[in-house]
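I have a structure here, written as structure tokens, and I will follow up with some questions on it.
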Amino acid sequence: MPKVLIVGRGVLPLLVAILAEKQGYESVVVYEDLPLIPAALVGGLPGLPLSSFFDATGFPLEDPRFFHPLSPAIVFLGKKWQLAGMPELRSGFSPMERFRWMNGFSEIQESLFPRIFGGMKNEMVRFFRRKGVSGRIETWWNNYLFRRNDRLLQNVLSSLPAELSEWKDFLDALGLFLGLSPEEANPVYRIRALACLLNAWTFYPEMDSLSREVSKAAHKGLHFSVRSWNRTPLVVSQDRKRRGIVLETEKGSETFDRMLDLTNDLGGERDPERWIWTVPSALVPDVWPLQCLVPSLKDQPAMLLQGRLRDDKICFVVSSCKKETATSLQKMRQALDSLLISGASGNEYSQPEPVSTPDSMVQLEELKSHTWRKRSPYLHTRGPCYRLMDPTRLPFLTDDWVRQLFYTLMQR
């Protein structure tokens, strides 16, 4: 039985280990148990990666104890606004008010959306049915078809069809918070996430109950070893002879067939700065969702606000796409549309408090003869080492990220 080392923070590495066990791996998990800022789950259609992952691990998105659907999902405050997740504007808007809101995707709902998600669904079906050599060949072939479909979609979407042209500002701002580099040429990642937001395929994890139940499942009757991180970086090297991974511990060395590192930012300045900002709930319009996306305005960076209602206040996690200081966000009121916090004085809401960047968990000894290969914006590989972008640093967890997770567990 192949052995895999999984390193990460929060509940996700435990869920990954449960999936790995179901796929025939012997798992060892080293994780940091911290109260984390949960990412919104953008996706969740039945049969697609995000839904398949939580179904397979025993925590379906339909369970209200662990996940809360967001509808509408997000409000975009650009030159034109958009309440993503609302099928149409409510009655009573004047023509001028309607002009300020962007239209939906109804004209391409049937033509484009099936192509955006179709290949993923077939891939997930074959992933869970795979057995033996023939199954691996089938999975490889299906993976090839999926990549081919994505390349065709990329060619179609690169020029932005007319139906999507007015969404460019939304797509550019959204991409910054999907963990994508501004230079990322493939628009499929952004448009796939946008399609989920528009159709209200968005969930917010209830972290307290989810963490408690996942921890119980991880420690009850499963084969993998669960270890808490002692805040000392794990010293890991690559075994050239066995083509495996060697973990150095106080008790000696331990060998694994592969390592899945869920703690890396993959470079490229894609890790947003984050703050906690608390405002009275009365300042935010009731009809608006608690996720707000603001594009870059003058000297202000693009920002994403993700709020949770706590009594009579809303605690926003504010993500900024640039390395800014908390002092610069004192002008946040000017960066947001005046309707969001209209009539508020400066002493009615708190000053943003910066969220510290987590410490590095893995120290990997580099080998000159090996280089990292970029499989996707979310996954880099080097032999038996798999680095996935740290999901605890991402404001959104998407089908595309979870698909790369499945990719790391394809071979048994």
Side-chain angles (χ1 to χ4, degrees), residues 12 15-16 19-20 22-23 39-57 59-62 67 69 73 84-85 105 108-130 135-158 161 164 171 174-175 178-180 184-203 260 374-379 381 386 388-389 391 394 396-411:
L12 198 60
L15 290 170
V16 172
L19 177 64
K22 293 179 180 293
Q23 288 301 109
L41 307 178
V42 179
L45 278 178
L48 292 183
L50 198 67
S51 179
S52 297
F53 172 68
F54 287 105
D55 285 346
T57 54
F59 296 89
L61 294 176
E62 295 80 12
F67 303 101
F105 277 178
I108 55 175
Q109 184 84 18
E110 296 182 0
S111 60
L112 182 60
F113 282 7
R115 293 184 61 189
I116 289 177
F117 297 103
M120 278 185 165
K121 192 166 188 177
N122 294 333
E123 190 176 34
M124 288 296 99
V125 169
R126 293 190 172 104
F127 179 86
F128 287 107
R129 289 180 179 175
R130 175 171 46 83
R136 294 185 186 181
I137 295 174
E138 184 182 27
T139 299
W140 173 85
W141 175 247
N142 192 64
N143 191 39
Y144 162 76
L145 293 178
F146 181 87
R147 294 196 307 269
R148 179 173 175 268
N149 181 56
D150 256 19
R151 285 195 297 269
L152 294 174
L153 276 172
Q154 181 176 352
N155 293 335
V156 170
L157 298 174
S158 291
L164 297 175
L171 290 169
L174 179 63
L178 295 175
L180 303 175
E184 175 59 53
N186 190 346
V188 178
Y189 302 109
R190 297 177 177 86
I191 292 178
R192 201 145 32 210
L194 178 59
C196 294
L197 290 169
L198 285 173
N199 288 277
W201 302 329
T202 314
F203 299 85
L260 177 55
K374 178 182 176 181
R375 300 286 185 176
S376 86
Y378 303 115
L379 176 64
T381 66
Y386 294 77
L388 267 166
M389 185 177 289
L394 291 174
F396 298 118
L397 196 66
T398 64
D399 281 311
D400 281 295
W401 188 96
V402 177
R403 178 185 174 266
Q404 297 306 308
L405 170 64
F406 278 112
Y407 175 86
T408 66
L409 300 174
M410 284 176 60
Q411 299 177 1

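All heavy atoms count here, side chains included; hydrogens, waters and symmetry mates do not.
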Distance check, rounded to the nearest 0.5 Å: Arg192 atom CZ versus Leu197 atom CG?
13.5 Å
Hey, what do you get for NZ (Lys121) to OG (Ser52), rounding to the nearest 0.5 Å?
9.0 Å
Taking all heavy atoms of Tyr189 and all of Glu184, pick out the closest pair and write down the distance.
CE1-OE2, 3.9 Å
Which heavy atom of Phe406 sits nearest a heavy atom of Pro49, and at what distance?
CE1-O, 3.5 Å
Does Leu178 form a side chain to side chain contact (heavy atoms under 4.5 Å, CB included) with Trp401? I'd like the steps, not just the answer.
CA-CA 9 Å; Leu178 295 175; Trp401 188 96; over 6 Å; no
Walk me through it: do Leu174 and Leu180 pass the test side chain to side chain contact (heavy atoms under 4.5 Å, CB included)?
CA-CA 9 Å; Leu174 179 63; Leu180 303 175; over 6 Å; no
Considering residues at least two apart in sequence or located in another chain, which fulfil the side chain to side chain contact (heavy atoms under 4.5 Å, CB included) criterion with Leu171?
Leu160, Trp167, Arg190, Ile191, Leu194
With Phe117 via ring pair (Phe, Tyr, Trp, His ring centres under 6.0 Å) - residues at least two apart
Trp201
Test side chain to side chain contact (heavy atoms under 4.5 Å, CB included) applied to Pro69 - qualifying residues, sequence neighbours left out
Phe203
Between atom CG of Leu409 and atom CZ of Phe53, what is the distance when rounded to the nearest 0.5 Å?
9.0 Å
side-chain contact (heavy atoms from CB on, under 4.5 Å) with Leu388: of Leu379, Leu12, Val16, only one passes, and it is Leu379
Side chain to side chain contact (heavy atoms under 4.5 Å, CB included) assessment of Met389 paired with Gln404
CA-CA 10 Å; Met389 185 177 289; Gln404 297 306 308; over 6 Å; no
For the residue pair Phe59 and Thr57, what are the closest heavy atoms and their distance?
CD1-O, 3.3 Å
Quick one: closest heavy-atom pair of Gly43 and Cys196, and the distance?
CA-SG, 3.6 Å
Considering all heavy atoms, the nearest Leu50-Thr398 contact:
CD1-O, 4.3 Å
Rounded distance (nearest 0.5 Å) linking atom CG of Leu153 with atom CG of Asn186
8.5 Å
Partners of Ala200 by side chain to side chain contact (heavy atoms under 4.5 Å, CB included), sequence neighbours excluded?
Ser71
Of all residues at least two apart in sequence or in a different chain, which pass the salt bridge (charged side-chain N to carboxylate O under 4.0 Å, His left out) check with Asp399?
none
Residue set satisfying side-chain hydrogen bond (donor to acceptor under 3.5 Å, both in side chains) with Thr381, at least two apart, ordered chain then number -> Arg375
Indicate the atoms forming the closest heavy-atom contact of Ser51 with Leu61, along with that distance.
CA-CD1, 4.1 Å
Test side chain to side chain contact (heavy atoms under 4.5 Å, CB included) on Met120 and Asp400 and set out the steps.
CA-CA 9 Å; Met120 278 185 165; Asp400 281 295; 3.4 Å; yes
Spatial distance of atom CG (Leu48) from atom CG (Leu45) [nearest 0.5 Å]
5.0 Å
Phe54 meets the ring pair (Phe, Tyr, Trp, His ring centres under 6.0 Å) criterion, sequence neighbours left out, with Phe67
